[in-house]
Amino acid sequence: MVLKFPHFIHGGDYNPEQWLDRPDILARDIELMKEAHVNSVSVGIFAWSHLEPEEGVFQLDWLEEIIDRLYANGIYTVLATPSGARPLWMAHRYPEVLRMSRNLTRNRPGVRHNHCYTSPLYREKVRLIDTALAERFGHHPGVLVWHLSNELGGQCFCPLCQEAFRGWLKDRYGSLDALNKAWWTDFWSHRYSDWSEIEAPVPSGETSCHGLNLDWNRFVTHQTVDFARWERDTVKAAAPDLPVTTNHGESYESINYFKYKDVVDIVSWDSYPLWGRDPDEREIGQNTAFAHDVIRSIKRQPFMLMESAPSATNWQEVSRLRQPGIHMLASMQAVAHGACSVQYFQWRKSRGASEKFHGAVVDHYGGSDTRVFQEVKAVGERLEKLDALLDGCPRPKAAILYDWENGWAMNDAAGPRNLGMHYLETVMAHHKAFWKLGVSTDVIDMECGLDGYRLVVAPMAYLLRAGIADKLRRFCEDGGIVLGTYWTGIVDETDLCFLGGTPGDGLGQLFGLRSEEIDGLYDGQYNLLRPLDGFLPREEYRLTELCELCKCSTAQPLALYGRDFYEGMPALTRNAFGKGTAYYLAARGEQALLDDLTALLCREAGIEPDLDADLPDGVSAIRREGSVTAVFLQNYLPEEVTVSLRRPYRDFESGEEVGSQLTLKPFEVRILEER
Ligand code: GLA
Ligand code: ZN
């Protein structure tokens, strides 16, 4: 446990600076927080113009008063650095702190999350304010963790960033010759003869060089993470013992979150599922489960749910209210997946500006006798009773490979299907198969180790980096089970195609086959996968989008294509490799295929579901293992469902035995312990 408060954290973003002229409201906040069982609030996010109203003039007394008062009332502070938005004086005086967009124009002062991560001047301003905060509050007993900036992301195309990009490339490639080779710049006569000719990819300039595009994306992550590291080093210089986090958004595009692994002490994220979009919540529940699993897998440790909406947001297409019970369901889902906190955006609704209608614990009415407040309070009360589970976390035996850089490269390549390769969707479909089975999974990237797993599913591992081919081979040799799919091992880490057959880098031996061609299908077109010898329960499964034509060397076909000129060619294969087995799925399969195949692979790997039960579709089970191990059973359906348990369990909260038929109310969450 990295936090000094050994309990589940319950609270949210709090902006007292918006209410400094209303001491009555600030006093009322404390009363309401206690009533809502809030034990921590996040303060200082976007408060820079109050902390440094004039250049070099720091005013921290108001903040000290707030932190002291909170602490005196038993409420801890998650202390933010204010770098997510700048005071206007700074942006006007020093335009270099502002971001330049893709069309190479400089943003105007205003909004937020739009600063240049490279600007030495911005970094210096951040260093000064962060140091002032750290010296004043870094040893305060009521301060729990640093919240660095806010949702770091986006790209800046200013000259400083472009120069930093060239410096980064020099470190990476050493010589221009090496860079020209890696980027295959003889194509269309794009050979660089001087470092200064390298420019970021922008719509009006170079976009056809995939190596450049990929490296630019890598650089953007590098620079963003480096900015976070700069802030971390700054606050740690004054207060080395206070742990650090930074809150991620739910984005699988811009920043590779796995690169934060060694920068933060604890990973945190902001979750805003589209609850209420569908007739039931199983789809949204599964998407959110995936996101929690990605976040937990970054460090394979418990994480913080830094923000979530206690009711509707105001930026989704439609601001649906949460059905009664959804707030509890969403909060407990985070805990099930390894969260040590349930925090909100926001504690109190602001009175003006762009988030004045965003859901909050306390709305403009100001009282606690509201539905939302009471549901928040119920979560706070429940969390207080879960202390014994705090040191737990899911410890999956199965992992799914999802790699940001692979996604960037695959989506950039003009290839077999410009209508959409659907990498993320495919990874999520594999994850869904595990979720439906009630088997916990990590979601790891290619830099992660594979130790502790028995089954690794690696869909569409197009770009191979970080020694992943070796890791998969060794994992399988030692007895692990691997499932690979079509469009694997196509390019190396600089995005150059492997010569001599794919999957490349030795994966052809692992899977015992060579992929010779890949057929891209239009939407609506399909093929069939026909299992041999009843290998899978159904007689046929639908295949869409991408079908690979493979020649087996040592692999044995388990299913064949049922249509088109490649009817009868292998669509699913198995290859014995060392002590393990490597499966290869040659085409994109419907969910039922992934479900059936995953169940079979889990059985072969000896991985049991987290709960010994028949899980109806829409009910999930996730085990948190720790000094006390418990399974969170959650109903994502708006109706009652009955779960048949095959083993005796007791309710962790009531201590009562549950029978073999357990009925869950709509959206109900039960926490079960093995007897
Ligand atoms: C993000 C931000 C918050 C707030 C919420 C609104 O997560 O971090 O400051 O804007 O969105 O949902
Ligand atoms: Zn810049």
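Numbering of ligands and ligand atoms starts at 1, following listing order.
- Checking only distances, N150 does come within under 3.5 Å of ligand 1, N or O to N or O.
- Of the possible donor and acceptor atoms, none in the side chain of E35 sits under 3.5 Å from a partner among the backbone N and O of F373.
- Residues R371 and E375 are paired through a salt bridge, judged by an N-O separation under 4.0 Å between the basic side chain and the carboxylate.
- For ligand 1, the polar-atom distance check against T313 finds no nitrogen or oxygen pair separated by under 3.5 Å.
- Side-chain atoms of W275 and H327 form no donor-acceptor pair, as typed in the model, at a separation below 3.5 Å.
- The shortest distance between side-chain heavy atoms of V235 and T81 falls below 4.5 Å.
- Every atom of ligand 1 is numbered from 1 in the order shown, and the set under 4.0 Å from a heavy atom of D270 is 7 (O), 8 (O).
- In this structure, atom 10 (O) of ligand 1 lies nearest to the protein heavy atom E355 OE2, 2.3 Å.
- Sorted by chain and number, the protein atoms of type N, O or S within less than 2.8 Å of the Zn ion (ligand 2) are C116 SG, C156 SG, C158 SG, C161 SG.
- In this structure the side chain of R277 never reaches within 4.5 angstrom of the side chain of R320, judged on heavy atoms.
- With a 4.0 Å heavy-atom cut-off, ligand 1 is reached by the side chain of R112 but not by its N, CA, C or O.
- By the 4.0 Å N-to-carboxylate-O rule, D130 lies too far from R127 to be salt-bridged with it.
- Between H113 and ligand 1, not a single N/O pair is under 3.5 Å apart.
- The ligand atoms of ligand 1 that sit less than 4.0 angstrom from a heavy atom of H358 are 6 (C), 12 (O).
- With contacts defined as side-chain heavy-atom distances shorter than 4.5 Å, the pair E206/P201 does not qualify.
- The closest approach between a heavy atom of Q346 and any atom of ligand 1 is not below 4.0 Å.
- In summary, the atoms of ligand 1 found under 4.0 Å from a heavy atom of F46, numbered by their order in the structure, are 9 (O).
- Here the protein heavy atom with the shortest distance to atom 3 (C) of ligand 1 is E307 OE1, 3.3 Å.
- Between W404 and N217, the closest side-chain pair of non-hydrogen atoms is not below 4.5 Å.
- Summarising the geometry, atom CG belonging to L214 is positioned 5.5 Å from atom CG belonging to D495; distances are rounded to the nearest 0.5 Å.
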Verdict with supporting geometry, D233 and K236, salt bridge (charged side-chain N to carboxylate O under 4.0 Å, His left out): CA-CA 5 Å; D233 291 349; K236 291 251 180 186; over 6 Å; no
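- Cation-pi check for R123 over Y117 is not met; the charged atom does not lie both under 6.0 angstrom from the ring centroid and within 45 degrees of its normal.
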